[in-house]
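Not measured: the values here are computed from a predicted model. Counting from 1, the numbers follow the sequence of the chain as shown.
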Amino acid sequence: MKKLWVIVLCAVVLVGCNTNRALSYEEVAMKDLGKGDQKFYEHAQAENGVYLFYDTSDDKLVIYFNTAHESQEDYAVDFTNFDVESDGDTLRILYDKNQDRGESKTFQEQQFYRIQLDKEYETIELFENGDMAAFTSVYS
């Protein structure tokens, strides 16, 4: 009986020590962001663009799409088809940017995506409509 408990205890310890994480993402509402993420949001909301916040304590990224400063004369901008891919030491963040002039101003002005990292990456690349793009700003 004692051997059985030792085996069970070892199995529990090994399962608990498993650090295999999967690369994943989810769209989140601003109210669901942590306090550190919300501070980043306060700094980033002044200008339209794509922002990256890297939270080193949780190995996560927050991507913030902001179009809140579009005027009626400007094109309405919508970000869709968000995805992440891993290729060795490179993380690719992909999305499509759609613009529409006039009638359909029903796009979301702000979108947040939380990416849970599975490992450390040397490079983070951003792709807009299949073309390499740049972040408006990066925070850590």
Side-chain angles (χ1 to χ4, degrees):
M1 184 67 164
K2 200 174 205 180
K3 287 182 183 181
L4 179 61
W5 280 110
V6 170
I7 292 172
V8 170
L9 180 62
C10 288
V12 168
V13 168
L14 289 176
V15 170
C17 292
N18 186 0
T19 58
N20 288 339
R21 297 175 297 196
L23 179 63
S24 62
Y25 70 89
E26 65 179 335
E27 186 170 2
V28 294
M30 201 261 304
K31 65 180 174 74
D32 296 327
L33 295 174
K35 289 186 185 222
D37 300 339
Q38 287 181 3
K39 286 185 181 193
F40 143 72
Y41 162 76
E42 291 169 7
H43 293 287
Q45 68 179 343
E47 183 181 336
N48 289 338
V50 181
Y51 296 86
L52 168 70
F53 173 66
Y54 180 43
D55 184 349
T56 56
S57 65
D58 286 340
D59 286 333
K60 71 175 179 185
L61 302 174
V62 174
I63 307 299
Y64 170 39
F65 294 100
N66 184 18
T67 60
H69 300 287
E70 296 290 336
S71 69
Q72 293 290 24
E73 299 82 35
D74 290 338
Y75 286 94
V77 178
D78 187 31
F79 299 101
T80 60
N81 300 323
F82 184 86
D83 200 10
V84 293
E85 296 176 352
S86 174
D87 182 17
D89 286 338
T90 302
L91 176 68
R92 293 192 179 97
I93 300 170
L94 309 109
Y95 67 94
D96 290 335
K97 180 178 178 181
N98 306 304
Q99 294 184 336
D100 186 18
R101 184 153 183 94
E103 326 282 301
S104 57
K105 285 288 266 186
T106 59
F107 297 135
Q108 286 183 285
E109 292 181 343
Q110 299 172 330
Q111 291 172 268
F112 297 90
Y113 289 89
R114 182 182 298 139
I115 302 170
Q116 184 63 53
L117 299 176
D118 57 342
K119 63 179 188 173
E120 260 187 56
Y121 289 93
E122 296 272 330
T123 307
I124 298 175
E125 298 176 339
L126 182 68
F127 289 89
E128 175 184 294
N129 298 333
D131 297 323
M132 191 168 280
F135 290 102
T136 304
S137 204
V138 176
Y139 298 87
S140 179

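- Annotation: the span from Phe135 atom CZ to Glu125 atom CD amounts to 10.0 Å, rounded to 0.5 Å.
- Here the side chain of Glu128 pairs no donor or acceptor atom with the backbone of Ala134 at under 3.5 angstrom.
- Proximity of a side-chain donor or acceptor of Lys60 to a complementary backbone N or O of Tyr25 within less than 3.5 Å is not detected.
- Side-chain contact between Tyr64 and Phe53 is absent, with no heavy atoms from C-beta onward closer than 4.5 Å.
- Note: Lys97 NZ to Asn81 CG = 15.0 Å, rounded to the nearest 0.5 Å.
- One distance of note links OG1 of Thr136 with CG of Asn48; it measures 8.5 Å at 0.5 Å rounding.
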Run the side-chain contact (heavy atoms from CB on, under 4.5 Å) check on Leu91 and Leu61 step by step: do they pass? CA-CA 11 Å; Leu91 176 68; Leu61 302 174; 3.5 Å; yes

Is there a side-chain contact (heavy atoms from CB on, under 4.5 Å) between Tyr113 and Val84 once you walk through the steps? CA-CA 10 Å; Tyr113 289 89; Val84 293; over 6 Å; no

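- The two residues Tyr121 and Thr90 come nearest to each other via the heavy atoms CD2-C, 3.6 Å.
- The existence of a salt bridge linking Arg21 and Asp59 is confirmed by a sub-4.0 Å separation between a basic side-chain nitrogen and an acidic carboxylate oxygen.
- Atom CZ of Arg92 is separated from atom CG of Asp83 by 12.0 Å, given to the nearest 0.5 angstrom.
- Taken from OG1 in Thr80 to CD in Gln111, the straight-line distance is 8.5 Å, to the nearest 0.5 Å.
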Walk me through it: do Ile63 and Ile115 pass the test side-chain contact (heavy atoms from CB on, under 4.5 Å)? CA-CA 8 Å; Ile63 307 299; Ile115 302 170; 3.8 Å; yes

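- Side chains of Phe79 and Thr67 form a contact here, defined as non-hydrogen atoms less than 4.5 Å apart.
- Considering CG of Leu94 and CG of Asn129, their distance stands at 10.5 Å, rounded to 0.5 Å.
- For the pair Tyr54/Ile124, no side-chain contact is recorded, criterion being any heavy-atom separation below 4.5 Å from C-beta on.
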CA sep, side-chain torsions, deciding dist, call: Asp118, Ser86, side-chain hydrogen bond (donor to acceptor under 3.5 Å, both in side chains): CA-CA 9 Å; Asp118 57 342; Ser86 174; 4.8 Å; no

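- Transitive grouping of hydrophobic side chains (ILVMFWY, heavy atoms separated by less than 4.5 Å) keeps Val138 and Phe127 in distinct clusters.
- Ring orientation note: the planes of Phe65 and Phe82 are nearly perpendicular, at an angle over 60° on the 30°/60° scale.
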What do the steps show when you test Glu85 against Asp87 for side-chain contact (heavy atoms from CB on, under 4.5 Å), and what is the final call? CA-CA 7 Å; Glu85 296 176 352; Asp87 182 17; over 6 Å; no

